S.K.: 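Pasting a structure below so you can have a look.
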Amino acid sequence: NLITSVSLMYDELYCLSASTDGSVRLWCLRMRTCLYVYKGHLNTVWSVSFSPKGYYFASAGADCTGRLWSTDKNFSLRIFAGHTSDVHVVKFIENSLYVITASYDRSIRIWEIMSGNCVRMLFHNQERIVSLTTSISGKYMVTSSEEGNIILWDFNKGKMIHIVRNIVQGPIYYLDFSVDETCLIVSGKKNCLLYTSDAADDLLCVDLGGRRIIKKK
């Protein structure tokens with residue numbers, strides 16, 4: 001079986017791994033030991049994510065669901081159902097009150113943790129969503145596609161701001177903002193790029209909705 005996703009707890013003492021066998025495992029890094037095995041998904045688990053505060057985590061899988069867990073229980077606390085295809089990404093919003101899922105059905109859904117209800121849906125009808133990240137401030141969200149494109153969203157308004165095409169050849173599997181939101185890391189199958197507003201070479205400038213982002217290899 002293959003490992004599809006990992007997530008490190010904030011204290012860096014524990015990590016989670018997701019697998020094609022449909023399970024999520026909690027590991028103690030100090031002892032290099034598996035502490036718990038969480039089962040509930042009916043197929044491959046594509047993504048796993050610790051909450052910013054630890055203890056709780058979320059998973060997403062090929063059974064079209066996202067799930068909320070606590071590390072001390074071997075069953076899911078919430079099932080986020082509504083997608084019609086594989087859910088490839090799951091992320092906590094920084095306040096830990098909401099979870100975001102992104103699916104091959106070309107939709108992004110925001111779920112309230114307390115109720116388990118979907119409170120907002122965003123659609124990008126042209127491309128399947130492979131990866132997703134939000135800025136620390138919660139103002140921006142970036143998604144990526146199988147075609148190597150990235151899309152910048154105004155997260156609060158739920159509106160697409162800009163699309164940058166052909167960043168890399170093939171799918172973009174990983175995205176992440178720097179803490180100060182001036183840099184975006186983009187990782188594809190064969191390369192990893194850094195987009196930063198600190199560079200000075202205008203020839204490599206990419207316009208992300210009015211923000212001058214520079215590509216560095």
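Everything numeric here is computed off the predicted structure, so don't read it as measured data.
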S.K.: Would you mind reporting whether Ser70 and Leu77 have side-chain heavy atoms less than 4.5 Å apart?
M.R.: yes
S.K.: Do Thr101 and His83 get their side chains close enough for a donor-acceptor pair, meaning under 3.5 Å?
M.R.: yes
S.K.: Looking at residues at least two apart in the chain, or sitting in another chain, which of them share a side-chain hydrogen bond (donor to acceptor under 3.5 Å, both in side chains) with Asp21?
M.R.: Ser19, Ser23
S.K.: Going by distance alone, is a donor N or O of one side chain under 3.5 Å from an acceptor N or O of the other, for Trp27 and Thr33?
M.R.: no
S.K.: By side-chain contact (heavy atoms from CB on, under 4.5 Å), which residues pair with Ser131, not counting sequence neighbours?
M.R.: Ser144, Leu175
S.K.: Within a reach of under 6.0 Å around OH of Tyr56, are more than 12 heavy atoms found that belong to other residues, nucleotides or ligands?
M.R.: no
S.K.: In a check of side chain to side chain contact (heavy atoms under 4.5 Å, CB included) between Arg78 and each of Leu68, Thr65, Asn117, which one passes?
M.R.: Leu68
S.K.: Verify whether one side chain among Trp69 and Ser59 offers a donor that lies under 3.5 Å from an acceptor in the other.
M.R.: yes
S.K.: Check whether any side-chain heavy atom of Trp111 sits under 4.5 Å from a side-chain heavy atom of Val119, and report yes or no.
M.R.: no
S.K.: Just checking Tyr14: does its OH atom have more than 12 heavy atoms from other residues, nucleotides or ligands closer to it than 6.0 angstrom?
M.R.: no
S.K.: Please lay out, stage by stage, how Phe57 and Tyr38 fare under the test ring-ring contact (aromatic ring centres under 6.0 Å, His included).
M.R.: CA-CA 11 Å; Phe57 67 92; Tyr38 307 94; 5.0 Å; yes
S.K.: Could you pull out all residues at least two apart from Asp86 that satisfy salt bridge (Lys or Arg N to Asp or Glu O under 4.0 Å)?
M.R.: none
S.K.: Is the shortest heavy-atom distance from the side chain of Leu132 to the side chain of Ile100 under 4.5 Å?
M.R.: yes
S.K.: Just so I know, are the side chains of Met141 and Ile108 near enough to count as touching, which here means a heavy-atom distance under 4.5 Å?
M.R.: yes
S.K.: How would you list all residue pairs meeting salt bridge (Lys or Arg N to Asp or Glu O under 4.0 Å) that involve residues 44-72, not counting sequence neighbours?
M.R.: Asp63-Arg67
S.K.: Applying side-chain hydrogen bond (donor to acceptor under 3.5 Å, both in side chains), name anything that partners Tyr104, two or more places apart in sequence or on another chain.
M.R.: Glu146
S.K.: Hey, could you give me each pair passing salt bridge (Lys or Arg N to Asp or Glu O under 4.0 Å) that has a residue in residues 162-176? Not counting sequence neighbours.
M.R.: Glu127-Arg165
S.K.: Under a 4.5 Å side-chain heavy-atom rule over Ile, Leu, Val, Met, Phe, Trp and Tyr, are Met9 and Met31 clustered together?
M.R.: yes
S.K.: Measure the shortest side-chain to side-chain distance between Arg106 and Arg128 over non-hydrogen atoms and say whether it is less than 4.5 angstrom.
M.R.: yes
S.K.: Is there a side-chain contact between Thr4 and Thr20 (heavy atoms, below 4.5 Å)?
M.R.: yes
S.K.: If you define the side chain from C-beta out and look only at heavy atoms, does anything of Phe155 sit under 4.5 Å from Ile93?
M.R.: yes
S.K.: Which residue in the set Leu26, Val6, Leu29 passes side chain to side chain contact (heavy atoms under 4.5 Å, CB included) when paired with Cys15?
M.R.: Leu29
S.K.: Quick one: OG on Ser49 to CG on Leu8, what's the gap to the nearest 0.5 Å?
M.R.: 11.0 Å
S.K.: Would you say Thr143 and Trp153 make side-chain contact, with heavy atoms under 4.5 Å?
M.R.: yes
